[in-house]
Amino acid sequence: MSELRKALKDFSQERDWEKFHTPKNLSMALSVEVAEIVEIFQWLNPEQSQQLNPKQKSHLAQEIGDVMVYLTMLGAKYDLDPIECAQQKMLQNAIKYPVKS
Ligand SMILES: [Mg+2]
């Protein structure tokens, strides 16, 4: 995660793009990239959505990458690691939704 964070920071600095990367803009960009994932599945029936063809899967991989990029950049603004956030959330979910015996 820290390698990705550094690579993204270097990429932005080298292009002087950091001025565009406000939390507002990053959250909006993240939302757009999530919508691009939704678009892949938009007109597929449930069965088709379970078995993407290679082109669709490649497209999905690109959009997941975009989502991770913006999520990582947004988290970095507040020194938050998305993986650690997810792990914390899973701990909370386990308490909130205990396994029924
Ligand atoms: Mg995209």
Side-chain angles (χ1 to χ4, degrees):
M1 220 39 229
S2 61
E3 280 180 34
L4 175 61
R5 198 160 143 172
K6 183 178 183 329
L8 292 169
K9 187 178 175 81
D10 290 347
F11 189 93
S12 295
Q13 281 182 339
E14 288 161 3
R15 289 156 182 81
D16 196 24
W17 286 354
E18 287 194 311
K19 57 183 175 255
F20 303 116
H21 295 160
T22 63
K24 179 194 77 73
N25 286 354
L26 292 172
S27 65
M28 293 174 82
L30 175 60
S31 176
V32 169
E33 297 303 339
V34 170
E36 290 179 2
I37 290 177
V38 174
E39 190 176 32
I40 293 170
F41 295 101
Q42 186 174 14
W43 300 113
L44 301 182
N45 65 36
E47 291 75 26
Q48 289 170 329
S49 73
Q50 303 259 8
Q51 297 182 342
L52 298 180
N53 66 38
K55 188 177 172 190
Q56 291 167 320
K57 187 174 175 183
S58 173
H59 189 182
L60 178 61
Q62 289 182 34
E63 301 308 342
I64 286 174
D66 285 339
V67 166
M68 193 64 176
V69 162
Y70 285 121
L71 190 61
T72 302
M73 291 171 72
L74 180 60
K77 291 287 179 186
Y78 302 97
D79 199 24
L80 294 169
D81 178 333
I83 300 294
E84 289 176 15
C85 292
Q87 289 169 332
Q88 285 300 314
K89 189 66 185 183
M90 287 303 295
L91 292 173
Q92 293 173 20
N93 287 345
I95 294 167
K96 189 173 180 181
Y97 306 106
V99 176
K100 292 177 184 162
S101 52

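Counting convention: from 1, in listed order, for ligands and their atoms alike.
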- Message: Using side-chain heavy atoms (C-beta onward) and a distance below 4.5 Å, is L4 in contact with M68?
- Response: yes
Quiz item: Is the number of heavy atoms from other residues, nucleotides or ligands under 6.0 Å of Q13 CD greater than 12?
Solution: yes
4.5 Å side-chain heavy-atom contact, R5 and D79: yes
Which atom of E33 is nearest the Mg ion (ligand 1), counting N, O or S only? It is OE1
Indicate yes or no: at least one non-hydrogen side-chain atom of L52 is less than 4.5 angstrom from one of L44. yes
Among N, O or S atoms, D66 approaches the Mg ion (ligand 1) most closely through OD2
The N/O/S atom of E36 lying closest to the Mg ion (ligand 1) is OE1
For E63, the N, O or S atom at the shortest distance from the Mg ion (ligand 1) is OE1
